[in-house]
Amino acid sequence: MDSVNATDTPPARRSRTGKAPQMKRLHGRGIVPGIVIAPVVLADEKPLPEIDRTATPGDIAEEYSRLDAAAEQSRRQIAKLRHKLESLPETGREEIDALLQVYERMLGRSRLLRGARTRIATGAMTAETAVLTESEALAALAGPHPAMTEEEQETAARRVGEFHEIARRLLRNLTGLSFRAFGNLPEGGILAVEQLRPADVALIAPTRFAAVLSESGGATDHAAIMLRALNIPAVTAVTGLTNGVQDGDLLIVDGTTGIVTVHPDETALAEAQEAMAAEARARRDIGRLRRLPAKLVDGEAVTLLANMELPAELPQIRQNGAQGIGLLRSEFLFQEAGALPDEEAQYAVYASIVAGMDGQPVTIRVLDWGSDKGVERLRELGYDLPEGGGGALGLRGLRLLLAHPQILETQFAAILRASLEGNVSVMLPMVTSVTEIQNCRDIYERVARRLRRRGVKLPAALPPLGIMVETPAAAATADMLVRHADFLSIGTNDLTMYTLAVDRGTSFQSELYSALHPGVLRLIATTVTAALRARRPISICGEFAADPRAAALLIGLGVRTLSMTPSAIPVVKRAIRGLSFEDCDALQHQALLMSDPLALRALLETAAPSGGIATRNG
Ligand code: PEP
Ligand code: MG
């Protein structure tokens, strides 16, 4: 998205004293990176009038028909939004489309509307009070509570947001209050709102505004996810935004740091312009790199794959030039409330991802429910699980699946069927022993036989069944495991955590969490050597692979396949294209002798510049 050049922007507003207003900085949460200099455009929304909850309707039938009319009008509005979607870039469409489907369901024969009707009948409420009361009750039921994990709390908060959004739409339609429109605001400015709702994001044409700011909002709510999909530089949760700026004020927005500079002085403007020029250069470089191979200067090729967490990432994976998916974390499929996804539902998702990769490899990792999350969820669904038993050292990953093999069987069946759509491998998480692999392979082959009996034509050689090496036990016995696994992939995130006994999720002691610790490096080296000796494919799929400074070391150790978050691919590729095999080899010899991760980090810095990416693994 083009940002407005500072030289084209109006001069800074003068205060009544004739002096240029003081520069100030507001702080928020950077959601979409990008530096923008432009005047701000404030978009206010008329608040809903106070609903008089004590009012009683004269005629119940009349309230029913008002509610039906408001629901019908809301459905038409959502249909219009859907129509607008066609003009959005492909990256944004999928995310927003999914949300609009949720809204459509809520405006159909939903619990919300049925509940509101019951309240009108039994509580003799007006349609407004019924909608408000029912949506509040449902939001309270669905809302986050302290026993939930952070991720569950975020999902629950999003659900609450959906109830509020539909209630707000119904109430605006019931009271005849108009909606906020962005279509007549000046173009090229920085849109600033008190609150940005997902439906608002659907209304924003990504080329209309240079950036988007909101005073409230989180990093993972629907609106943030959609802003990311649209790739508009954005900062949410900007404290003091609506009181701190006036329409037309000149701003610098930094979507990475979340800093909003109001009335920037000459120095701040010059710095921002320089940063914008650097960003533009980096964008051009990345566009150019996408088409170039990841080759060492002496010509040897390295394969760069993407880690995928959500199907919506597919376009980004392609844009960044990934040569396949090295780690498809299938957990997203199991996050929906209610029953676990059945074979058909899983098959549909895997098949569309595999087909969408056009024959490029896709490695699907079976469910890696970690810590308490999965254990609690399964207990709710009536699975028999021992008390306690969760946590990072408890029933997680493969152990959980082997304790409940029917979950694994369903997932294997769905993956095997989807393998007919392209090039699939299957990966097992959190392996610690040969027996676990053997047990899984037995199940895998049994499921394949069952499918064939059902008439499903599977290839004679089943898709490769490989393992993640992410426990110290697996790394230390890699020479044994490799005889039972078709490929190995090192998960440095967990391997670092378990080796160093430092939690990967807490910032406390984060300086101790480093894949450059000799304990972790030796385990990586042992694993790679075992795989190379057994002539088995070996890759790295933890965060460490996304660190361009680590590329030389990993290549020196013998790794030729790295899987990472899609946006890191061009940066790692750039680093690889500047390396020679001799340099990488010399570096790994030196690195394995070093005891201090910080000193090793400094050494890697000299071997390859960071390319602007910082990871927690360093
Ligand atoms: C890892 O542990 O390095 C890994 C890639 O798996 P996850 O991050 O999904 O635990
Ligand atoms: Mg892991």
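Every number for a ligand or one of its atoms is a count from 1 in the order of the listing. The figures that follow rest on heavy atoms only: side chains count, while hydrogens, waters and symmetry mates do not.
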Please list, in number order, the atoms of ligand 1 under 4.0 Å from a heavy atom of [X].
X	answer
G542	3 (O), 5 (C)
L327	5 (C)
R329	4 (C), 5 (C), 6 (O), 7 (P), 8 (O), 9 (O)

Quick one: does E543 get an N or O within less than 3.5 Å of an N or O on ligand 1?
no
Can you confirm, on distance only, whether ligand 1 has an N/O atom lying under 3.5 Å from any N/O atom belonging to E470?
yes
State whether [X] and [Y] are salt-bridged, where the test is any N-O pair (Lys NZ or Arg NE/NH1/NH2 against Asp/Glu carboxylate O) under 4.0 Å.
X	Y	answer
R377	E152	no
D368	R396	yes
E436	R441	no
R549	E605	yes

Measure the distances from the heavy atoms of M468 to every atom of ligand 1 and state whether one is below 4.0 angstrom.
yes
Any luck finding a side-chain donor-acceptor pair between [X] and [Y] under 3.5 Å?
X	Y	answer
T471	T432	no
E543	T492	no
Y383	Q406	no

R536 to F487 six-membered ring, cation-pi geometry met (6.0 Å, 45°):
no
Option whose closest heavy atom lies nearest to atom 5 (C) of ligand 1, chosen from S489, G326, G397, C541
C541
Atom 6 (O) of ligand 1: the protein heavy-atom neighbour that sits closest, reported with distance to 0.1 Å
R365 NH1, 3.0 Å
Closer than 2.8 Å to the Mg ion (ligand 2), do we get an N, O or S atom from D368, backbone or side chain?
no
By atom name, which N, O or S atom belonging to E470 lies closest to the Mg ion (ligand 2)?
OE1
For the Mg ion (ligand 2), find the closest N/O/S atom on D494 and give its atom name.
OD2
